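First up is the structure itself, then whatever we jot down about it.
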Amino acid sequence: MGHPRAGAHHPRSLGEFQAWFRTDADCLDYLEWLRWPAGFACAVCGHEEGWRLGDGRFQCSGCGGRTSVTAGTIFDRTRTPLTVWFSACWLFATGKDGISALSLKRTLEIGSYQTAWAMLHRLRSVVVRPGRERLSGVVEVDETYIGGVETGLPGGRARGKKVLTGVAVEIREPRGIGRCRMLPLADGSSSSLHPFVQDHIEPGTRVITDGWQGYRGLEKLGYVHDHRSQRATRARGEDADKLLPAVHRVASLCKRWLLGTHQGSVDDAHLASYLNEFVFRFNCRRSRSRGMVFYRVLELAVAHDPVRYQDLIAEHGPRQVPPTPPQARGHPPSLERPPADRPWRTAQREPSG
Ligand SMILES: [Zn+2]
């Protein structure tokens, strides 16, 4: 399929979104089109023919296996209606800064905070595209502390309450910023920093860092290493923070986003997942159509393996659960909106008398 077109392959506006996805069946059909653009293909045997069963599922004519459009995707066995999923996805993709779990719960009348929280985490887990291209050209790399409670940590690389995070940002001459990558690091040693650089930056790239010893040896890994000394910068009377302006800009945007949209309620165990979302937003920031971002998120969602709730809470469950009466995990009512029959047009007028 060629490049998706606004108004045909993804909605141009909220109005169009609402008109297209009135029912759970509309949403299911869209997911089917996204997952199998050329028609059904069996995930088990790879056979490309099958037929639709009476209950909407598919049967493979190769191996006889039965499956559904949502099986094996992040919507696998979801008890949340697809209309609610689509609305959550629209808010996630089209909001400039995304949405917090608490706002999502309130906006879509989702029964529990945990359900809203898990939906957003599932969306976050799909927006890291496996095998995505590494950064290239000229890239600044640095580490910074992110998350935790804002405290006046002394400078230097001593470990505080925050999480040490690797930041890599493409520089576009003369003053622009390209794509970025952010990831929590175990520590600031070369055994953490070298794999971070190798996983996210193409060999041959010019990598700009400060003088920290953890970056020594990048030339041997095939990079053109340009290390800038803080001391030389200070000697020139310049601010040492200006040494790597692009990474400082991206890191401060990220910190502001965590404090703004998520009110700083991000714990260490889930920081990586929030960083994924931030990086995705940052790298999509110039996308002309927000509907296109919505399309991309759903396209990734139907190509992504199921994410179990148990895996999301493996280390820590949702934090800062607002005080709500004890209840089971709530599943929201469908947001289905059947076409209105315009009673004002069809109803007979009372005979005037
Ligand atoms: Zn099959």
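When a ligand or atom number is given, it counts from 1 through the structure's own listing order. Computed from a predicted model, the values in this text were never measured in an experiment.
Residue His10 comes nearest to Glu16 through the heavy atom pair O-OE1, 4.4 Å, listed as atom of the first residue, atom of the second, then distance.
Using bins of under 30°, 30° to 60° and over 60° for the plane-to-plane angle, the ring pair Trp36/Phe58 lands in the perpendicular bin.
Between Ser190 and Gln213, every side-chain heavy-atom pair lies at or beyond the 4.5 Å cut-off. Between Cys60 and Val44 there is no side-chain heavy-atom pair separated by less than 4.5 Å.
The Zn ion (ligand 1) has Cys42 SG, Cys45 SG, Cys60 SG, Cys63 SG as its protein N, O or S neighbours under 2.8 Å.
For the pair Arg106 and Tyr113, the cation-pi criterion (under 6.0 Å, within 45° of the ring axis) is not fulfilled.
A salt bridge is defined here as a Lys NZ or Arg NE, NH1 or NH2 lying under 4.0 Å from an Asp or Glu carboxylate O, and Glu32 with Arg52 meets this definition.
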